[in-house]
Chemist: 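Supplied in structure tokens, the structure appears directly below.
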2 protein chains.
Amino acid sequence: MDPDREREFLAEYDPRAFDPIAVTVDVVALTLREERLHVLAVRRGGPPFEGEWALPGGFVQAGRESLDEGAARELAEETGLDPAALGRVHLEQLGSYGHPDRDPRMHVVSIAYLAFAPRLPDARAGSDAAGAAWLPVEAFSPAGQPGPVRSRPIDQGRRPGAYGGGTGRRPLPDEDGPRLAFDHDRILADGLERARAKIEYTPLATAFLPEPFTIGELRAVYEAVWGAPLHAGNFHRKVLSVPGFVESTGETATRPGSRGGPKARLYRAGDARLLHPPLLRPDREDDVR
Amino acid sequence: MDPDREREFLAEYDPRAFDPIAVTVDVVALTLREERLHVLAVRRGGPPFEGEWALPGGFVQAGRESLDEGAARELAEETGLDPAALGRVHLEQLGSYGHPDRDPRMHVVSIAYLAFAPRLPDARAGSDAAGAAWLPVEAFSPAGQPGPVRSRPIDQGRRPGAYGGGTGRRPLPDEDGPRLAFDHDRILADGLERARAKIEYTPLATAFLPEPFTIGELRAVYEAVWGAPLHAGNFHRKVLSVPGFVESTGETATRPGSRGGPKARLYRAGDARLLHPPLLRPDREDDVR
DNA sequence: CAAGTTGTTCTCAGTATGAGTCTTTCTCAG
DNA sequence: CTGAGAAAGACTCATACTGAGAACAACTTG
């Protein structure tokens, strides 16, 4: 038996005898504020990266909680919501990041989660953070919002869905704005790409809206997440033609949009889990190769 | 500061003082043999689940390797391939599973990987396993291959992409065939669903084939993964019309298919990373809700 | 040689999409 | 009060993509 194998065997029965790996959850929580996509960030209260922005997260409680539960707990701590009252918030696993050097203190494997939330209260700092806030995602996305004509520096070379996590390097080349601590820039970029892809073929865009909502509000979600304007008429036709995407409440808005126009009809999320056929993002020729 | 917080702080600086969480990687390695999808499985050489089949995997080497590297290492160990020679094998992260009870010994978080490989040599047992083999996936999929008319017991209630990992419960209800150890049934089911979805919008089906290949062989990959027959003519038209999916070698097969027909033209994988527009699975109305 | 398979190309009808128009109902500025 | 501008929603039209099927040639096996 070679030495590596031997070590594994021992570790299997007494992991404490070896260098441990810490397990954390980090959450990319996205919400819409003033028509723009915002991400929940905390300011680190201690080293390393003291004073820098980071994604909310923390250690998984060994033997006491699952990863999903840990993520919900961390999200609740920073939003001030009761973990049980996270009701309409969509929370899904994003990927894991485990490069040995991603945290200077020790080998930390982080399981990242992605959350979609309707307008939430202002963030409050958890006890280990110096502050928490919803920040516009462009603050951390080089080249501003992800316009369709943009050169897309973030997702360069990454296939959607193949968020080849685990390497944890911090490559992002030509950076402009502020950075997130650790490899959280990469995690955020992966989360944004996942969000952009996910609203194509699932009705999750509705998770960003309080019910009931109008078709126009739903379109604003797509425009904010994709960073591109959509054709209002075609969007309207499409949303109503996909079975189960939205269902009418029969009501119409009490007041029209702030800039005029007729009172819009109101809808709530339908029972579809997948959009069939999907709503595809406009022109992504650059992404193809 | 509440007790949970306090514990976190301490753990942050001396994780050894607390119950550790072990981190493993498990690999769902898929390949095609005799037109059927097979998964690499190992027979456990010790408790728990001694003698049962499980996915290949093992502990991540703390401070010495990333998750990706660990997955590649584990895969190499069970296939007998040089880790560096894993060349044409596609390896991507699938998701993480971290329910505290998923392993009876201790809290183990497993990062699952998904591999697509062209015909590989027979498996060989790693030193900690009693055996290794490529097994037809239907052996572990209740109700056999995932036919289009099937009631789809595996993916029931799961949105593709929302492989909401982390819970690690072992729910799979009405089981027929053998089970995989731990929660590996669930991981395999998630891996299969990911594979089925992934070949829709990426050219990864080509990763199952040695180059050069014929359109008919590529179609056989889709049919095996989706478990449904496809219209040969339409498939042919589609594959050739998506830019960058395959590129012609200019050659034609030396021998025709084993059951007659003209010599087919040969192709290799093109340079596209995404299929645009995608090849959608036939009829998934059941999945929609 | 006959029957059966496969590779490849076509046709045709149905559906979905992008772009644009039009009408109606509002708000806001003057 | 009025006119400009914005938005909701319903239409039109040309194009693209899809599923189903047919046709035909090049092979196999019995």
Side-chain angles (χ1 to χ4, degrees), chain A residues 35 148-149 200-201 209 212-223 226 228-243 245-246 248-267 274-285 288, chain B residues 35 148-149 200-201 209 212-223 226 228-243 245-246 248-267 274-285 288:
Chain A
E35 315 260 289
V149 201
E200 287 191 300
Y201 57 94
L209 295 173
F213 51 81
T214 68
I215 303 291
E217 288 165 344
L218 185 57
R219 178 161 49 83
V221 173
Y222 277 89
E223 292 179 333
W226 288 346
L230 298 176
H231 184 294
N234 291 342
F235 183 85
H236 197 275
R237 172 183 61 186
K238 176 73 181 177
V239 168
L240 295 186
S241 74
V242 173
F245 191 176
V246 298
S248 173
T249 64
E251 317 254 294
T252 129
T254 54
R255 53 193 183 287
S258 50
R259 280 175 300 210
K263 295 182 180 105
R265 278 170 242 175
L266 294 173
Y267 299 84
L274 290 176
L275 303 184
H276 197 68
L279 270 109
L280 297 176
R281 280 176 267 188
D283 278 339
R284 302 199 303 141
E285 310 222 351
V288 173
Chain B
E35 314 259 290
V149 201
E200 287 191 301
Y201 57 94
L209 296 172
F213 49 81
T214 68
I215 303 291
E217 288 165 342
L218 185 58
R219 180 163 47 84
V221 173
Y222 277 89
E223 292 179 333
W226 287 346
L230 298 177
H231 183 295
N234 291 341
F235 182 85
H236 199 274
R237 172 183 62 187
K238 178 73 180 175
V239 167
L240 295 186
S241 75
V242 173
F245 192 176
V246 298
S248 173
T249 63
E251 319 252 295
T252 127
T254 54
R255 64 228 177 261
S258 50
R259 279 175 301 208
K263 296 183 179 104
R265 275 171 246 175
L266 294 172
Y267 299 84
L274 290 176
L275 302 184
H276 198 67
L279 268 109
L280 296 177
R281 280 176 265 188
D283 278 337
R284 301 199 302 139
E285 309 220 356
V288 172

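Just so it is clear, the model here is predicted, and its values are computed rather than measured. Every chain is numbered from 1, with letters handed out A, B, ... down the list of sequences.
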Chemist: Taking only N and O in the side chain of A:R219, is any of them less than 4.0 Å away from OP1 or OP2 of D:dA7?
Modeler: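 It does not, given that no N or O in the side chain of A:R219 lies less than 4.0 Å from OP1 or OP2 of D:dA7.
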
Chemist: So if I take every side-chain heavy atom of A:K263 and compare against C:dC26, D:dG9, C:dT9, which nucleotide ends up nearest?
Modeler: C:dC26

Chemist: To the nearest angstrom, how far is B:F245 atom CZ from D:dC17 atom P?
Modeler: 16 Å

Chemist: Does some side-chain heavy atom of A:F245 sit less than 4.5 Å from a side-chain heavy atom of A:L279?
Modeler: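 In contact.
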
Chemist: What is the separation between atom NE2 on A:H236 and atom P on D:dC11, rounded to the nearest whole Å?
Modeler: 12 Å

Chemist: Going by the rule ring-ring contact (aromatic ring centres under 6.0 Å, His included), which residues pair with A:Y222 if we only count those two or more places apart in sequence or in a different chain?
Modeler: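 A:Y222: ring-ring contact (aromatic ring centres under 6.0 Å, His included) contacts with A:W226, A:F235.
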
Chemist: Just how far, in rounded Å, is P of D:dG21 from CG of B:L230?
Modeler: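 Rounded to whole Å, this separation is 15 Å.
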
Chemist: I need the CZ-C1' distance between B:R281 and D:dG19, as an integer number of Å.
Modeler: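 From B:R281 CZ to D:dG19 C1': 18 Å.
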
Chemist: Report, one pair per line, the protein and nucleotides 10-16 of chain C atoms (nitrogen or oxygen only) whose separation is under 3.5 Å.
Modeler:
none

Chemist: Could you tell me which non-hydrogen atom of B:P277 sits nearest to which non-hydrogen atom of B:V242, and how far apart they are?
Modeler: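 Smallest interatomic distance, heavy atoms only, reads O-CG2, 3.7 Å.
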
Chemist: Whole-Å distance between C:dT6 P and B:L266 CG?
Modeler: 17 Å

Chemist: Test of understanding: with salt bridge (charged side-chain N to carboxylate O under 4.0 Å, His left out), list the residues that count as partners of A:R265, not counting sequence neighbours.
Modeler: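 Result, salt bridge (charged side-chain N to carboxylate O under 4.0 Å, His left out) vs A:R265: none returned.
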
Chemist: Restricting to nitrogen or oxygen on both sides, can you table the protein-nucleotides 28-30 of chain C pairs closer than 3.5 Å?
Modeler:
none

Chemist: What is the distance, rounded to the nearest whole Å, between atom CG of A:L240 and atom C1' of D:dC11?
Modeler: 14 Å

Chemist: Provide the Watson-Crick or G-U wobble partner of C:dG30, both distances under 3.5 Å; none if there is no partner.
Modeler: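 Partner of C:dG30: D:dC1.
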
Chemist: Restricting to salt bridge (charged side-chain N to carboxylate O under 4.0 Å, His left out), what partner residues turn up for A:E223, sequence neighbours left out?
Modeler: A:R219

Chemist: Output the rounded distance in Å from NE2 (B:H276) to P (D:dA16).
Modeler: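 Distance, rounded to whole Å: 14 Å.
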
Chemist: Of the non-hydrogen atoms in B:A220 and B:E35, which two are nearest, and what is the gap between them?
Modeler: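 Looking at all heavy atoms of both residues, the shortest contact is CB-OE2, 4.0 Å.
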
Chemist: Rounding to a whole Å, what distance do you find between A:R265:CZ and C:dC26:C1'?
Modeler: 15 Å

Chemist: Got A:L218 and A:Y267 here, is their nearest side-chain heavy-atom distance under 4.5 Å?
Modeler: no

Chemist: If you check every side-chain atom of A:I215, which of D:dG9, C:dT8, C:dT6 has the closest atom?
Modeler: D:dG9

Chemist: Taking salt bridge (charged side-chain N to carboxylate O under 4.0 Å, His left out) as the test, write out the residues that go with A:E200, two or more places apart.
Modeler: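 A:E200 satisfies salt bridge (charged side-chain N to carboxylate O under 4.0 Å, His left out) with A:R281 only.
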
Chemist: Are A:T214 and A:L266 close enough that some pair of their side-chain heavy atoms sits under 4.5 Å apart?
Modeler: yes

